[in-house]
Peer 1: 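Please see the structure below; I have some questions.
What you see is a predicted model; the values in this text were computed from it and never measured. So that the names make sense, note that chain A is the first sequence line, chain B the second, and so on, each numbered from 1.
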There are 2 protein chains.
Amino acid sequence: MRPENQSGEQTRSFIEQARRAQIVRAAVETIAELGFAKSSFVRIAGRAGISPGLISYHFAGKDELIAQVAADIGAAMNEAIEERAAGARSYLDALRAMIRGLVLFCAEHRTEMYALREIAENAPASGGAAVDRNVSVDQLAGLLREGQEHGEFRAFDPHLMAVTLNAALEAAPRELYSRPETDAGRYAEELAETFALAVRRTGRGRRRHG
Amino acid sequence: MRPENQSGEQTRSFIEQARRAQIVRAAVETIAELGFAKSSFVRIAGRAGISPGLISYHFAGKDELIAQVAADIGAAMNEAIEERAAGARSYLDALRAMIRGLVLFCAEHRTEMYALREIAENAPASGGAAVDRNVSVDQLAGLLREGQEHGEFRAFDPHLMAVTLNAALEAAPRELYSRPETDAGRYAEELAETFALAVRRTGRGRRRHG
DNA sequence: ACCTGAACACCGTTCAAGT
DNA sequence: ACCTGAACACCGTTCAAGT
């Protein structure tokens, strides 16, 4: 019988929080070192110095553990992105800043990205990809829609463009890992330019600066 | 001891080819019906009316079986795409035709796409995603580079644009499945327009300060 | 409440044995 | 060569038992 909780963190005891954090940390290290396939509960528990059964006690299942690992890393990514987008003077600048922020974050945290990539490659469903993707896509769609309402962007479908942009962003860690020689700064600029051209009002004889 | 072969299909006997095809078919049906997680060798073999050991006899491992399933479906996709791109009068038209072709193919083969998506979500590495992706990316990069050399496209990095486009294309089956109400024709047009704007020469003359 | 570790059901793979 | 099916090593999860 494991502790019940839906999403409230208040219901978790101090020990439980500490154990979960310890297990998540051990999982990240194990995945990064041995790869996802070899990261069994026995190995993760061994690294943490606890019994395998204790992992099942604190997590509903392997899915929840992996989801927590992905969520922790994803939260750091979002923080880095939003930090950069905050100072933007226009929606186009915000879009560019977000794209740059993500690509550069990936370049600066390659080891964490390796664990995340292992999860994405071997258990993306457990990694909360489906859930987090929709959150991310909806956020992007909101930004794009606002940019349209302010007359900065052309009349595309915000949701479909967000899906497309999200896919392009998710490809970044994969690309940076599989081609370590890639210049992250240039990648960031290329990607920012690509979507800037895709979303902006076509300037052919239309408006100039506001 | 299973039959050895590297990639040549000539070395495979008639029976082996038939068995492999039978097993692949059973795997596709099992994955589509029960999902990837429940598609064990025992269940696939049961559907095919054979022994589980026979699967290991004909395939080097589960990875190879899943890779074959993904490859068969992927081949059908590529065929549909290239068929459409063949009649294009320009590189921009070819790009648009490929994008439309893929999105519409996904819309017309949702059940096969379901199995492919199950694989992509649960075992993309086994699904040959890494290998096939590079092939596909290289092909796209080649097309983009040619378009640049013929003066149709602007001066982006062909490889990075191909990675981005490939990511956007791979998001299509996912999106069409998770939102069945999506108008595939409109999705195809939106995506084609997005990348047409991203790759074409900007009409405003040259870019400022390189 | 927290934790252990053996037991359990299941998995992919192997292999002696059949034809 | 082709195929079977029990045996094997391993997995995530459960649970009686300890504190």
Peer 1: Cut-off 3.5 Å, side chains only: do Arg145(A) and Gln148(A) have a donor facing an acceptor?
Peer 2: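 Gln148(A) and Arg145(A) do not have a side-chain donor-acceptor pair below 3.5 Å.
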Peer 1: With a 3.5 Å limit on both atom pairs, tell me what dT19(D) is paired to, counting Watson-Crick and G-U wobble, or say none.
Peer 2: dA1(C)
Peer 1: Identify every side-chain donor-acceptor pair in residues 88-109 of chain A under 3.5 Å, counting partners at least two apart or on other chains, and give the distances.
Peer 2:
| residue | atom | partner | partner atom | Å |
| --- | --- | --- | --- | --- |
| Ser90(A) | OG | Asp93(A) | N | 3.0 |
| Tyr91(A) | OH | Glu146(A) | OE1 | 2.8 |
| Arg96(A) | NH2 | Glu193(A) | OE1 | 2.5 |
| Arg100(A) | NE | Glu189(A) | OE2 | 2.6 |
| His109(A) | ND1 | Phe105(A) | O | 3.1 |

Peer 1: Could you give the CZ-to-C1' distance, from Phe36(B) to dG12(C), as a whole number of Å?
Peer 2: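 Rounded to the whole Å, the gap is 12 Å.
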Peer 1: OP1 or OP2 of dC3(C) sitting under 4.0 Å from any side-chain N/O of Arg19(A)?
Peer 2: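 It does, given that an N or O in the side chain of Arg19(A) lies less than 4.0 Å from OP1 or OP2 of dC3(C).
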Peer 1: Expressed as a whole number of angstroms, how long is the span from Glu64(B):CD to dG12(C):C1'?
Peer 2: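 In whole Å, dG12(C) C1' and Glu64(B) CD are 14 Å from each other.
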Peer 1: Looking for any heavy atom pair under 4.0 Å, which part of the strands does Ile55(B) touch: base, sugar-phosphate only, or nothing?
Peer 2: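 Counting heavy atoms under 4.0 Å across all strands, no contact is made by Ile55(B).
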Peer 1: Scan every strand shown for a Watson-Crick or G-U wobble partner of dA6(C), both distances under 3.5 Å, and answer none if you come up empty.
Peer 2: dT14(D)
Peer 1: Quiz question: by atom type and distance under 3.5 Å, do the side chains of Asn78(A) and Glu82(A) form a donor-acceptor pair?
Peer 2: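 On atom types as modelled, these side chains do not qualify, holding no pair under 3.5 Å.
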Peer 1: Applying salt bridge (charged side-chain N to carboxylate O under 4.0 Å, His left out), can you list everything that pairs with Glu83(A), at least two apart in sequence or on another chain?
Peer 2: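 Here no residue qualifies.
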Peer 1: Output the rounded distance in Å from CD (Gln17(A)) to P (dC2(C)).
Peer 2: 11 Å
Peer 1: For the side chain of Lys62(A), starting at C-beta, report the closest nucleotide among dT13(C), dT4(C), dT13(D).
Peer 2: dT13(D)
Peer 1: From C-beta outward on His58(B), which listed nucleotide comes closest to its side chain: dC3(D), dC3(C), dC2(D)?
Peer 2: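 Looking only at heavy atoms from C-beta outward on His58(B), the closest nucleotide is dC3(D).
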Peer 1: Under 4.0 Å: is that the gap between some side-chain N or O of Arg43(A) and OP1 or OP2 of dC10(D)?
Peer 2: no
Peer 1: Phe41(B) has a side chain; which of dC2(D), dG12(C), dT4(C) sits nearest to it?
Peer 2: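 Between dC2(D), dG12(C), dT4(C), the one nearest the side chain of Phe41(B) would be dG12(C).
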Peer 1: Does a nitrogen or oxygen in the side chain of Ser40(A) sit under 4.0 Å from OP1 or OP2 of dC10(D)?
Peer 2: no
Peer 1: Could you tell me how far apart Phe59(B) (CZ) and dC2(D) (P) are, to the nearest whole angstrom?
Peer 2: 14 Å
Peer 1: If we only count heavy atoms from C-beta on, is the Ile66(B) to Ile31(B) side-chain gap below 4.5 Å?
Peer 2: yes
Peer 1: Quick check: on DNA chain D, is the nucleotide nearest Gly53(A) upstream (toward 5') of the one nearest Ala37(A), or the reverse? Name the residue that is more 5'.
Peer 2: Ala37(A)
Peer 1: Taking the minimum atom-to-atom distance to the side chain of Ile15(B), which one of dC2(C), dT4(D), dC3(D) wins?
Peer 2: dC3(D)
Peer 1: dC3(C) P sits how many Å from Leu54(A) CG, rounded?
Peer 2: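 To the nearest whole Å, that distance equals 5 Å.
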Peer 1: On the side chain of Ser56(B), is there an atom forming a donor-acceptor pair with the base of dG12(C) - under 3.5 Å, no angle test?
Peer 2: no
Peer 1: Between Ile50(A) (CD1) and dT19(D) (C1'), how many Å, whole number?
Peer 2: 17 Å
Peer 1: Nearest-Å distance, CD (Gln22(B)) to C1' (dC3(D))?
Peer 2: 12 Å
Peer 1: Report the distance from atom CD1 of Ile66(A) to atom P of dG12(D), rounded to the nearest whole Å.
Peer 2: 9 Å
